[in-house]
Protein chains: 2
Amino acid sequence: MKIVILGSGNVAFHLAKALHQNQIPVAQVFGRNEEALAQISGLFNIPFSTENIGDADLYLIAVNDDSISDISTKITKKDCIVAHTSGSLPIDVLTGSYRKASFYPLQTFSKSKSLNYSEIPFFVECENADDQKTLENLAHKISEKVMSSDFEKRKYIHLTAVFSCNFVNHLFARAREISDAQNIPFDYFLPLIEETTSKIRELEPKAAQTGPAVRNDTRILEIHESLITNPEQLQIYRTMNASIKKMYEL
Amino acid sequence: MKIVILGSGNVAFHLAKALHQNQIPVAQVFGRNEEALAQISGLFNIPFSTENIGDADLYLIAVNDDSISDISTKITKKDCIVAHTSGSLPIDVLTGSYRKASFYPLQTFSKSKSLNYSEIPFFVECENADDQKTLENLAHKISEKVMSSDFEKRKYIHLTAVFSCNFVNHLFARAREISDAQNIPFDYFLPLIEETTSKIRELEPKAAQTGPAVRNDTRILEIHESLITNPEQLQIYRTMNASIKKMYEL
């Protein structure tokens with residue numbers, strides 16, 4: 001199967017690297033950013049072009065959500081699969097006469113950071129069973145975790161990721177505001193944060209809950225509210241505590 | 001310096017272990033739970049008693065917040081330091097004629113889980129400079145991260161920990177509700193979660209923020225709101241997004 005990757009950003013970089021590491025040849029990486037393409041080309045031994053999209057059986061579009069539809073119109077071949085890599089778009093944003101698909105790796109990518117691809121889940125959607133099998137087989141060469149998922153399912157995957165990652169990071173940002181204001185080094189909290197996330201490998205998060213809200217420790221909850229002066233911090237504090245109390249029926 | 005630990009729970013266990021690992025002898029571990037005391041005694045070669053509190057220069061009280069005051073009255077010696085290990089209480093909950101202190105390790109402890117004590121921050125408060133030095137020296141034998149902190153500061157430390165750990169765990173619990181309802185294995189999200197927490201070792205959390213809210217991606221935010229049926233999940237979704245938008249002035 002001839003594969004062409006479209007894009008030269010973080011997702012394109014890591015797809016190219018993951019395929020390269022698993023001895024799956026990539027016929028071309030195509031995009032606009034010549035410098036980024038040249039880097040991918042050099043590192044993973046893949047020809048690149050900024051002008052002509054090469055022939056392939058599978059095109060993997062790894063560009064920003066906003067640019068997917070646009071770049072998909074540039075693929076004029078019909079007998080091929082074109083897959084985007086977005087978690088938040090249906091396959092019909094792809095505009096062409098080819099067979100449409102989604103090939104969605106659930107991870108946050110940055111070029112400087114090495115990743116263990118075998119752990120990264122791939123969610124696959126195709127228009128027919130043969131293509132589905134082809135893309136799932138490809139994903140299985142990279143990762144142990146491969147799942148079929150249509151757009152409906154991808155929406156929930158993305159929503160779960162927003163709660164467990166984007167919002168978690170924002171809690172870190174708000175926590176750091178509090179510790180910075182008191183000259184407490186935020187890195188003092190890193191071992192505790194790591195323990196919190198490593199715990200859920202062994203224990204359901206619901207069973208691992210600790211803190212004043214789940215103990216219904218009114219004294220501490222009142223002290224904390226009195227310490228918080230930032231309105232967003234206070235709103236988060238109240239919302240999270242109310243949600244914890246509701247979950248544990250306190 | 002003769003040290004006695006009061007308590008036999010998770011904090012007492014790990015204090016005993018940390019002192020033992022650093023060749024600091026403990027004269028006795030005292031408590032009510034004979035089985036738990038015998039375990040600590042056997043593992044770390046410390047005499048135990050359920051009847052008489054032994055003589056010491058330093059008593060470390062590692063019991064539940066609610067029991068600290070009560071057990072502190074049982075120490076009748078005057079020329080000694082008595083320290084509790086709670087992040088959320090002042091030192092004057094200790095009731096006796098001895099010198100009062102707080103010796104607070106910032107970590108969530110469970111007996112089954114090994115920890116790298118050298119990374120765990122210790123926050124120390126004493127009534128006088130000599131005792132402060134004594135306890136900070138002791139903490140430095142266990143950990144690289146030792147900081148003086150009075151009750152005011154401990155309140156903010158605890159509040160930061162609530163945001164960055166207790167609330168984070170609750171987000172995992174709510175995220176899992178969403179993925180479970182769609183038959184998506186929650187462990188598929190663990191690599192993404194680990195990447196999220198490991199990123200903040202290199203990048204300020206504020207700079208590491210990703211997701212629809214910080215991109216002000218109204219389309220996705222509306223789709224997500226339409227997916228959520230649980231009122232607490234919805235309240236969290238709205239509160240966190242509003243806070244993110246405020247932080248980045250969107």
Side-chain angles (χ1 to χ4, degrees), chain A residues 88 106-108 119-121 145 147 153 155-157 159-176 178-179 182 184 188-197 200-201 204-206 208-213 220 223-224 227 232 235-236 239-240 242-244 246-247, chain B residues 88 106-108 119-121 145 147 153 155-157 159-176 178-179 182 184 188-197 200-201 204-206 208-213 220 223-224 227 232 235-236 239-240 242-244 246-247:
Chain A
S88 52
L106 180 67
Q107 185 51 284
T108 174
E119 275 204 339
I120 296 177
K145 293 175 178 172
M147 196 170 180
K153 198 156 207 164
K155 287 183 198 169
Y156 286 99
I157 294 163
L159 181 61
T160 307
V162 166
F163 271 74
S164 55
C165 298
N166 302 153
F167 289 172
V168 162
N169 184 75
H170 184 61
L171 284 178
F172 295 151
R174 289 294 183 190
R176 186 170 177 149
I178 297 167
S179 59
Q182 301 296 320
I184 305 156
Y188 277 30
F189 296 88
L190 294 178
L192 188 56
I193 288 169
E194 269 173 27
E195 193 61 20
T196 303
T197 53
I200 60 164
R201 290 201 166 257
E204 268 204 54
K206 189 171 174 181
Q209 190 64 49
T210 55
I220 303 278
I223 290 176
H224 284 171
L227 297 177
E232 281 72 38
Q235 187 60 42
I236 291 172
T239 299
M240 296 301 289
S243 175
I244 292 170
K246 187 82 182 179
M247 181 175 269
Chain B
S88 51
L106 180 67
Q107 184 50 285
T108 173
E119 276 206 336
I120 296 176
K145 294 175 177 170
M147 195 168 179
K153 199 157 205 166
K155 288 183 197 168
Y156 286 100
I157 293 164
L159 181 60
T160 307
V162 166
F163 271 74
S164 55
C165 298
N166 301 153
F167 289 171
V168 162
N169 184 75
H170 185 60
L171 284 179
F172 296 151
R174 289 293 183 191
R176 187 170 175 149
I178 297 167
S179 59
Q182 301 297 320
I184 305 156
Y188 277 29
F189 296 89
L190 294 178
L192 187 58
I193 288 170
E194 268 172 27
E195 194 60 21
T196 303
T197 53
I200 61 165
R201 289 200 168 258
E204 269 204 54
K206 189 170 174 181
Q209 190 64 49
T210 55
I220 303 277
I223 290 177
H224 284 170
L227 297 177
E232 281 72 38
Q235 187 61 41
I236 290 173
T239 298
M240 296 301 290
S243 176
I244 291 169
K246 187 83 182 177
M247 181 174 271

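Proteins get letters first, then strands, A, B, ... in listed order; numbering begins at 1 in each.
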S.K.: Kindly compute the distance separating CD1 (B:Ile236) from CZ (A:Phe167), expressed to the nearest 0.5 Å.
M.R.: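 If we round to the nearest 0.5 Å, B:Ile236:CD1 and A:Phe167:CZ are 8.5 Å apart.
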S.K.: For chain B, which of A:Leu192, A:Thr239, A:Thr196, A:Ile244 has the most heavy-atom pairs under 4.5 Å?
M.R.: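 Most heavy-atom pairs under 4.5 Å with chain B: A:Leu192.
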S.K.: Could you check if a side-chain atom of B:Ile223 sits within less than 4.5 angstrom of a side-chain atom of A:Leu159, using non-hydrogen atoms only?
M.R.: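 A side-chain contact is absent here, since even the closest heavy-atom pair is not under 4.5 Å.
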S.K.: Is the shortest heavy-atom distance from the side chain of A:Met247 to the side chain of B:Glu232 under 4.5 Å?
M.R.: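 No, too far: nothing below the 4.5 Å cut-off.
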S.K.: State, to 0.1 Å, how close B:Ser88 and A:Ile220 come at their nearest heavy-atom pair, and which atoms those are.
M.R.: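 Looking at all heavy atoms of both residues, the closest pair is CB-CD1, 3.2 Å.
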S.K.: Show the nearest heavy-atom pair for residues A:Lys153 and B:Gln182, with the distance to one decimal.
M.R.: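 Smallest heavy-atom distance, with atoms named: CE-O, 3.2 Å.
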S.K.: Of the listed residues (B:Ile200, B:Thr210, B:Thr197, B:Leu171), which shares the most heavy-atom pairs with chain A below a 4.5 Å separation?
M.R.: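 Between B:Ile200, B:Thr210, B:Thr197, B:Leu171, the count favours B:Leu171.
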S.K.: Considering all heavy atoms of both residues, which atom of B:His170 and which atom of A:Met240 are nearest to each other, and what is their separation?
M.R.: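 Shortest heavy-atom separation between B:His170 and A:Met240 comes out as CD2-CE, 3.8 Å.
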S.K.: Top residue by heavy-atom pair count (under 4.5 Å) with chain A, among B:Ser164, B:Ala242, B:Gly211?
M.R.: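 Option with the top pair count is B:Ser164.
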S.K.: Quick check for you: among A:Ser243, A:Ala208, A:Pro191, A:Ala161, which has the greatest number of heavy-atom pairs under 4.5 Å with chain B?
M.R.: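 Most pairs with chain B among the choices: A:Ser243.
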S.K.: Heavy atoms only, distances under 4.5 angstrom: which of B:Arg174, B:Glu194, B:Lys206, B:Glu204 has the most pairs with chain A? Name it, please.
M.R.: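 Looking at each option in turn, the highest pair count goes to B:Arg174.
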S.K.: Return the option, out of B:Ile120, B:Asn166, B:Leu106, with the maximum number of heavy-atom pairs under 4.5 Å with chain A.
M.R.: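 Most heavy-atom pairs within the cutoff with chain A belong to B:Asn166.
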S.K.: Just verifying a value: how many Å separate A:Leu227 CG and B:Tyr156 OH, rounded to the nearest 0.5 Å?
M.R.: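 Output value for this atom pair is 4.5 Å.
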S.K.: Between the side chains of B:Thr160 and A:Ser179, does any donor sit under 3.5 Å from an acceptor?
M.R.: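 Their side chains do not contain a donor-acceptor pair, so the 3.5 Å distance test is not met.
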S.K.: Checking heavy atoms, do the side chain of A:Val162, its backbone, both or neither come under 4.5 Å from chain B?
M.R.: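 When you check distances to chain B, only side chain atoms of A:Val162 fall under 4.5 Å.
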S.K.: Which bit of B:Ile193 is near chain A, if near means a heavy-atom gap under 4.5 Å: side chain, backbone, both or neither?
M.R.: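 Its backbone and side chain both get close to chain A.
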S.K.: Is B:Ile184 in contact with chain A via its backbone, its side chain, both, or neither, using a 4.5 Å heavy-atom distance?
M.R.: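 Backbone plus side chain of B:Ile184, per the 4.5 Å heavy-atom cut-off to chain A.
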